[in-house]
Amino acid sequence: MEKQEALARITELRDVLRENSRRYYVDNAPTMSDFEFDGLMHELERLEAEWPEFESADSPTRRVGSDLQKGFVQRPHRYPMLSLANTYSIAEVEEFAARAEKTLDSGFSYCCELKFDGTAICLTYREGKLYRALTRGDGIKGDDVTANAGRISNIPHQLHGNYPPDFEIRGEVLMPYDAFAKLNKEREDNEEPPFANPRNAASGSLKLLDPEEVARRGLMCTLYHIPAQSGLDFESHDEALTAASSWGLPVSSDRKIVGDIAGIREYIDYWDEERKYLPFATDGIVIKINEMAYQRILGYTAKVPRWAVAYKFKAEQALTPILSIDYQVGRTGAITPVANLSPVQLSGTVVRRATLVNAVQMEMLDIHEGDWVYVEKGGEIIPKITGVEPSRRTAGARRPEFPAVCPDCGTPLVRAEDEAKWFCPNTDGCPMQIKGALLHFVSRRAMDILAGEATVEQFYNLGLAKTPADLYDIPFSSLLSLEGWKEKSARRFLASLEASRNIPFERVLFALGIRFVGETTAREIARHFGDIDTLASATREQLLEVPDVGDVIADSILSFFKAPGHVIEISRLRAHGLQFSLAGRQQTISGALEGKTIVISGTFSISRDGMKALIEEHGGKNSGSVSGKTSFLLAGDNPGPEKLRKCSDLGIPVIDEAAFRAMLPAEGIVKPVDSEPTLF
């Protein structure tokens with residue numbers, strides 16, 4: 001390679017790596033696999049070594065990818081928070097071990113640990129209390145996410161035992177597979193793009209500006225490193241982690257101390273298989289020199305420690321036969337082919353189904369009935385079929401016929417020229433679309449009504465609800481006649497309906513389920529037009545003035561408001577008191593809570609958002625933390641122990657929901673069955 005060619009390629013690699021680093025760390029939406037990214041990084045490292053005159057302190061080979069983000073305070077790390085050198089080659093792990101043996105005296109060992117696929121975090125504890133939590137950031141400074149870290153269930157606020165007065169410990173914030181699947185199901189139901197994998201979901205969740213939402217995401221933390229520079233009196237890395245565990249910190253118990261490369265190989269081989277059964281994502285093994293003194297001797301490069309290396313697993317893949325293909329009808333009428341597979345273990349779960357995406361994807365894969373297919377997850381939880389094994393195809397196997405009519409209602413399917421998906425156009429008559437629209441309307445991010453899939457199915461089958469407005473017409477007596485319903489559950493449902501009347505316009509607009517109008521777009525539209533009438537009469541040109549609204553969304557909105565049924569439905573919902581204007585929301589019902597600052601904690605007979613709205617309706621003010629200005633803590637089931645403790649310290653009253661409701665005027669308030677006041 002000539003000098004100018006080398007410079008051009010180095011420049012190109014740096015630009016590509018910087019851009020994909022931003023997408024990975026900041027956007028949480030990578031467009032390149034880890035394997036591809038690492039391959040380009042290694043190529044850049046080789047070229048910079050071969051052409052040292054082109055070295056740059058700003059090169060991605062010398063800088064940690066940055067996750068710094070607006071909206072958070074940046075604070076310096078006490079010690080640089082670096083990344084790890086990584087490899088997909090066992091030969092390079094052997095080279096790492098050989099270098100260590102050549103540099104160090106005999107008598108050292110290796111600590112082998114799982115490499116967790118999450119987002120890095122650094123916790124500082126002072127006098128046993130959680131003092132600060134920082135992200136990796138750019139390695140020198142990180143975003144202060146202390147409030148969010150405090151809402152992760154297994155990060156202790158108070159340590160116990162013989163802990164040091166001031167220390168930091170580093171680790172990873174993870175999103176378990178179950179929590180990830182639940183979050184992506186919510187996003188798909190809301191027509192939001194799903195997270196690609198648990199790592200992106202964990203990183204995005206840790207950077208939310210609402211700690212309450214962080215608590216809802218089901219994150220967990222695993223800690224794995226106390227910096228050797230800390231000055232704590234530990235002889236080995238393993239000893240430090242054992243001590244951290246005794247203080248109540250969440251430390252992985254799956255590490256193993258080995259003495260040579262044979263032990264490292266054995267550990268890698270074991271977890272390459274066993275990781276499939278873990279409840280969270282791992283993408284490799286980390287091998288560290290165990291002795292702290294030797295870690296100090298080996299030291300660091302500008303970017304990575306010389307005493308550790310990460311061996312990364314290749315993406316998991318399994319070969320299994322297709323048993324049958326279903327064609328599902330979504331809330332918007334989209335038809336999605338789903339392959340039913342012979343069960344196979346992959347990335348912690350048994351995979352029985354995998355999406356085939358659409359008819360075009362089926363053609364590209366050349367799917368035939370009964371084919372054996374390769375299913376892959378890698379870092380992703382959503383199984384996808386990546387290829388077919390033609391050698392195992394049965395003679396005479398036919399290609400499946402994509403349906404010409406809706407599998408649910410029999411309406412002929414349609415497909416726009418610029419779309420790959422087929423749709424059922426029978427929006428208001430297709431049972432699956434009707435039930436999907438009801439589920440979307442009652443969902444937590446929309447109207448937050450206490451009705452799940454089974455309840456919606458029950459209402460629909462009995463003819464009680466076929467449109468959202470029907471929900472508000474169901475009488476109490478009808479609820480009590482339903483199988484499985486008792487008085488308390490009926491009153492809780494009615495209370496959630498009552499609270500939904502105070503949901504702001506932007507969420508009501510989102511709840512209507514206009515195709516392509518997700519949560520963020522609904523908020524922008526509501527703020528731009530202010531009320532439903534102005535929006536309904538808007539021209540295409542006026543719609544295109546809204547940020548995030550393009551031709552497709554504008555046409556979808558125009559089509560929605562042209563349908564007479566939708567106009568009638570909005571009129572019915574308006575009559576039931578839903579908010580169709582930013583300015584029209586009733587602010588107060590009474591002054592019963594005037595001048596009171598209230599903190600809520602725990603779960604209630606209605607949602608937390610509904611309870612906050614109730615406080616505001618009666619003149620009260622919500623606060624997220626207990627202070628000397630707090631009038632009282634409203635405690636539901638399982639209130640936060642820290643808030644209770646602080647109330648006790650400050651002498652602030654704590655009351656339960658029944659006592660709170662007794663403070664409000666009875667008119668218009670749906671009271672729970674157990675209305676006997678109880679003071680804590």
Side-chain angles (χ1 to χ4, degrees), residues 10 13-14 17-18 20-21 24-25 32-50 52 55-67 77 79-104 108-120 122 136-140 170-172 199 224-225 227-229 237 255 258 261 264-265 267-268 271-272 282-292 294-314 379:
I10 287 171
L13 286 170
R14 287 172 178 169
L17 290 168
R18 287 190 189 105
N20 280 277
S21 181
Y24 183 92
Y25 287 106
M32 179 183 290
S33 71
D34 286 359
F35 185 80
E36 293 172 304
F37 185 90
D38 292 337
L40 294 180
M41 184 68 78
H42 290 323
E43 181 186 353
L44 180 58
E45 288 169 349
R46 288 194 299 272
L47 286 173
E48 289 180 342
E50 187 177 345
E55 282 186 4
S56 168
D58 197 41
S59 172
T61 61
R62 299 173 66 85
R63 295 177 66 87
V64 174
S66 175
D67 65 7
H77 287 296
Y79 317 108
M81 197 167 178
L82 307 180
S83 57
L84 284 175
N86 58 62
T87 179
Y88 294 85
S89 164
I90 192 67
E92 292 187 7
V93 175
E94 291 172 347
E95 291 174 11
F96 163 79
R99 285 195 301 271
E101 290 170 7
K102 184 177 179 180
T103 306
L104 303 174
F108 72 92
S109 58
Y110 301 98
C111 183
C112 298
E113 305 170 11
L114 292 173
K115 184 177 183 297
F116 303 99
D117 198 11
T119 185
C122 177
R136 185 194 304 278
D138 61 5
I140 304 301
R170 295 169 176 183
E172 207 89 355
R199 192 218 74 85
Y224 48 65
H225 178 58
Q229 311 98 302
H237 171 70
R255 64 188 184 278
V258 301
I261 189 64
I264 294 173
R265 275 206 198 107
Y267 187 86
I268 288 173
W271 281 109
D272 199 6
T282 56
D283 60 351
I285 298 298
V286 178
I287 303 104
K288 301 174 182 175
I289 303 299
N290 187 35
E291 288 71 25
M292 292 289 198
Y294 288 141
Q295 287 187 14
R296 296 186 188 97
I297 289 171
L298 291 171
Y300 299 81
T301 69
K303 185 179 176 182
V304 299
R306 293 190 178 93
W307 43 265
V309 68
Y311 173 83
K312 299 185 79 170
F313 296 126
K314 292 182 173 60

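Predicted model only: the values in this text are computed from it and were never measured.
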State the [atom1]-[atom2] distance between [X] and [Y], to the nearest 0.5 angstrom.
| X | Y | atom1 | atom2 | value |
| --- | --- | --- | --- | --- |
| E95 | I261 | CD | CD1 | 10.5 Å |
| L298 | R296 | CG | CZ | 12.0 Å |
| T87 | K312 | OG1 | NZ | 10.5 Å |
| L114 | R255 | CG | CZ | 11.5 Å |
| T282 | W271 | OG1 | CH2 | 8.0 Å |

Which pair of non-hydrogen atoms, one from [X] and one from [Y], has the smallest distance, and what is that distance?
| X | Y | result |
| --- | --- | --- |
| V304 | L84 | CG1-C, 3.7 Å |
| K288 | V286 | CE-CG1, 3.6 Å |
| I10 | E48 | CD1-N, 4.5 Å |
| S83 | P305 | O-CD, 3.2 Å |
| I268 | F313 | O-CE2, 4.0 Å |

Note to self: Is there a side chain to side chain contact (heavy atoms under 4.5 Å, CB included) between E291 and S109? Walk through the geometry before answering.
What the structure shows: CA-CA 7 Å; E291 288 71 25; S109 58; 2.9 Å; yes

Whether the side chain of [X] engages the backbone of [Y] through a donor-acceptor N/O pair (distance < 3.5 Å, no angle test) should be reported.
| X | Y | value |
| --- | --- | --- |
| R170 | Y224 | no |
| H77 | G139 | no |
| R306 | Y300 | yes |

Check: What's the verdict on side chain to side chain contact (heavy atoms under 4.5 Å, CB included) for Y311 and F96, showing C-alpha distance, side-chain angles and the deciding distance?
Finding: CA-CA 11 Å; Y311 173 83; F96 163 79; over 6 Å; no

Check: Is D283 salt-bridged to K115, cutoff N-O under 4.0 Å?
Finding: yes

Margin query: Applying side chain to side chain contact (heavy atoms under 4.5 Å, CB included) to H225 and M81, what does each step give before you reach the verdict?
Written below: CA-CA 11 Å; H225 178 58; M81 197 167 178; over 6 Å; no

Item checked: Derivation and outcome, side chain to side chain contact (heavy atoms under 4.5 Å, CB included), residues I289 and L104 -> CA-CA 10 Å; I289 303 299; L104 303 174; 4.3 Å; yes

Notebook entry, point to check: Side-chain contact, heavy-atom cut-off 4.5 Å: W307 with H237?
Noted result: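 No, too far: nothing below the 4.5 Å cut-off.
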
